[in-house]
Structures are given as structure tokens and as C-alpha cells.
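Order of appearance sets the numbers: ligands from 1, and atoms from 1 within every ligand. Bear in mind the structure is a predicted one, so any value in this text is a computation, not a measurement.
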Amino acid sequence: MTVTRSVVLGCGSYLPEQILTNAELATRLDTSDEWIVQRTGIRQRHIAAAGEFTSHLGTKAALAALAHAGVDAQSIDLIILATSTPDNTFPATAVAIQNALGIHHGAAFDLQAVCSGFVFALATADNFLRTGAFKRALVIGAETFSRILDWNDRTTCVLFGDGAGAVVLEARQEAGELADRGVLTTHLRSDGRHKSKLYVDGGPSSTQTVGHLRMEGREVFKHAVGMITDVIVDAFNATGTSAADIDWFVPHQANKRIIDASAHKLHIAPEKVVLTVDRHGNTSAASIPLALCTAVTDGRIETGDLVLLEAMGGGFTWGSALLRW
Ligand code: ACO
């Protein structure tokens with residue numbers, strides 16, 4: 001008996017031109033390259049230019065993903081954009097991207113799960129494709145976190161960057177086995193008791209301002225590894241796999257120490273871990289598709305590889321996805 005799977009046809013990414021190094025940050029703030037690298041693994045991040053919006057970044061990543069997949073924009077009937085930094089409060093930034101791509105059919109909407117956004121959006125698209133509601137989807141993560149940072153707060157502003165990544169998914173019939181291509185399982189969680197540990201102190205309904213990112217870094221760190229490993233074990237159990245079966249681990253790129261500790265706890269070999277946090281910083285919902293594209297472009301991830309994704313972020317929200325590329 002065959003099953004419908006959401007198969008990745010291609011991926012694309014975009015990073016703004018301007019690079020901000022730790023050394024440049026150290027000229028404006030009481031910080032140092034050494035402190036940032038030691039605590040986070042971050043060496044530089046990209047910053048969107050004035051007038052460059054999340055929709056612009058997302059559109060460039062989407063166009064690159066369509067070109068890589070070799071499909072026409074008109075064949076896309078679902079667009080889900082994971083972002084916490086929309087162009088406007090409404091309409092959804094996904095609609096601006098849809099329009100920029102010249103698509104006027106199907107559905108486009110935003111999804112907000114902060115750093116877990118891409119995993120949540122991938123799971124949502126996968127469910128729509130498997131029901132037969134849509135045939136071909138663009139799942140995009142795009143962020144301009146530089147716009148919601150307090151650039152005088154050294155405890156947060158050194159951690160984040162801007163960027164976008166996207167994948168094209170297509171509903172295909174597969175055998176219903178572990179060897180199938182496509183999304184094999186997804187696991188999503190949230191727990192609002194932690195909402196004040198990582199949040200933005202503004203919003204349309206509360207302050208009528210955009211606000212700035214605030215974080216209790218140690219508290220986030222304390223919960224991150226446990227939450228990440230829990231949902232990965234769920235993915236292993238759902239598919240009868242283990243760390244030994246994974247070809248590539250592509251985690252949300254928040255902090256090298258969190259990634260290393262998670263991989264170590266799960267017995268995932270360091271050479272299977274895709275790391276981009278050093279060059280991109282934490283780009284929230286964009287970090288996983290950016291890392292995926294990096295490893296596809298440099299030839300590491302190949303068709304048939306088993307790829308494990310995970311993310312954890314504000315809310316808290318967290319989730320995992322296991323897919324065969
Ligand atoms: N440069 C220099 N010193 C700094 C900086 C900085 N940029 N930021 C903080 N410090 C100082 C602090 O003021 C403190 O000084 P004090 O001891 O004199 O009070 C000292 O460094 C230690 O501060 P801590 O907050 O305890 O540092 P910690 O080792 O916890 O590292 C960090 C901070 C990197 C934020 C860490 O807690 C962390 O990575 N947390 C996870 C947060 C995260 O990744 N969030 C991303 C979003 S959520 C997600 O995506 C998973």
C-alpha cells in the first residue's frame with residue numbers, strides 16, 4: 001500500500017550583503033570576540049539593509065529554492081512563511097511573497113513559533129500535502145531580527161542575525177517504508193509557562209509598539225537541551241531509528257554549546273552535525289533552511305540521506321522532523 005509523502009524537491013537561501021563581525025560589535029558595546037565565540041560559537045552575522053524587508057529576503061530564498069527544484073512558481077499552491085518579524089502586523093508577509101512570485105492561486109499564510117517556526121511550518125505543510133489539500137508547497141523561514149534587537153543590550157544583540165531559507169515540497173506516492181523519500185515524522189510541542197523567558201516587550205494589542213527582544217539567557221539554556229532531546233527521541237521512537245541511522249543532524253542554530261550538548265546527549269557523531277551559527281548567528285526561523293542549503297550546496301546532504309531537524313525557541317516552542325532527502 002502506498003502512502004503520500006512530502007518530498008523535498010529543492011532548497012534555496014538568501015543572506016543580506018552586510019556582515020557584522022564580533023570585532024565591530026566590540027567597538028560599540030562592552031563585549032569581545034573572545035566572549036562571544038566562547039559562549040556561543042558566533043563569529044559574524046548578516047544584517048538587512050535599510051529598506052530590505054523580511055518579504056524581500058523570503059522572496060529571494062523562495063526564487064532560489066524554485067530554481068534549485070527546477071519547478072515553475074505557478075505550480076506552487078501553498079506558501080507557509082515562518083517568521084516573527086513580519087513586514088507589517090497584517091496582512092501576512094507570506095502574501096507579499098506570493099504576490100512577488102506572481103502566484104495568485106492557492107493559499108499563503110504566516111506561522112509564528114519563533115525559532116521553532118521552520119519545523120512547525122514544515123509539519124503544517126506536510127499535513128496539508130498528505131491530506132491531498134495541496135500538491136506543491138513552499139516552506140520559507142525569513143527573519144529580520146536586527147529590527148527587534150536592543151542594540152544597547154549586549155546580552156541579546158550579539159546573538160542574532162538576518163536571513164532566509166526555503167524548501168519546495170511535493171506530495172508524492174511512496175512505499176510507506178523507512179526508505180521512502182520525504183518527511184517521515186514530525187513532533188511539535190509548546191509550553192506557555194515559559195513565555196516570559198524569551199519574548200518581545202511590545203505588540204499591537206498590548207503596547208501598540210513593535211518592542212525589543214528580551215531574554216533570560218541562562219533559563220533558555222537550562223531548558224534547551226532537555227526539550228530538544230525529548231522530541232528527537234520521539235522521532236526515533238516513531239520511526240524505529242536511532243542516532244546511528246542519521247546521516248545529517250541539522251539543528252536550529254542558536255548556540256554552538258546547545259548544539260554540541262544535544263548531539264553529545266543523543267550520541268550523534270560530531271561530523272554529522274551541520275553548523276552555520278558561526279557565520280549566520282541565530283536567524284530564528286530561517287536558521288534551519290539556511291543550514292540545510294549550506295550542506296546541500298557544499299555536497300554533504302545528498303538524495304536518500306536521512307536528515308534530522310530540531311528547533312527550540314520562544315514560548316517555549318520546540319519540535320523535531322525526520323526526513324529522507
Ligand atoms: N559580552 C561580554 N559579557 C557579557 C555579554 C557580552 N555580549 N553578555 C553578557 N555578558 C556578561 C554578563 O553580564 C555576566 O557578567 P557578570 O558575571 O559580571 O554579571 C557574564 O557575562 C555571564 O553572563 P551569563 O548570562 O551568565 O552568561 P552565559 O554563560 O549564560 O551566556 C548566553 C549567555 C550566551 C546568552 C547563554 O545563556 C545562552 O546561550 N543562552 C541560550 C540563549 C539562546 O541561545 N537564545 C537564543 C534564542 S532561543 C533559541 O533559539 C534556542
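- Selection from Lys222, Arg218, His223 by nearest heavy atom to atom 26 (O) of ligand 1 gives Arg218.
- Around atom 41 (C) of ligand 1, the closest heavy atom drawn from Gly217, Ala285, Ser284 belongs to Gly217.
- Nearest-residue assignment for atom 36 (C) of ligand 1 (options Arg257, Glu34, Met312, Arg39; heavy-atom criterion): Arg257.
- Contact annotation for atom 16 (P) of ligand 1: protein absent (non-hydrogen atoms, distance under 4.0 Å).
- Heavy-atom contacts of Leu198 reach the following atoms of ligand 1: 47 (C), 48 (S) (cutoff under 4.0 Å).
- The option with the heavy atom closest to atom 6 (C) of ligand 1, from among Asn22, Thr155, Ile258, Thr31, is Thr31.
- Of all atoms in ligand 1, numbered sequentially from 1 with element shown, those under 4.0 Å from a heavy atom of Asp30 are 1 (N), 2 (C).
- The shortest distance between side-chain heavy atoms of Leu101 and Ile76 does not fall below 4.5 Å.
- Residue Ala254 approaches ligand 1 through these ligand atoms, each under 4.0 Å from one of its heavy atoms: 44 (O), 49 (C), 50 (O), 51 (C).
- For Thr40, no nitrogen or oxygen atom sits less than 3.5 Å from a nitrogen or oxygen atom of ligand 1, counting backbone and side chain alike.
- For ligand 1 and Asn282, the ligand atoms under 4.0 Å from any heavy atom of the residue are 46 (C), 47 (C), 50 (O).
- Nearest protein neighbour of atom 33 (C) of ligand 1, counting heavy atoms only, is Trp35 CH2, 3.9 Å.
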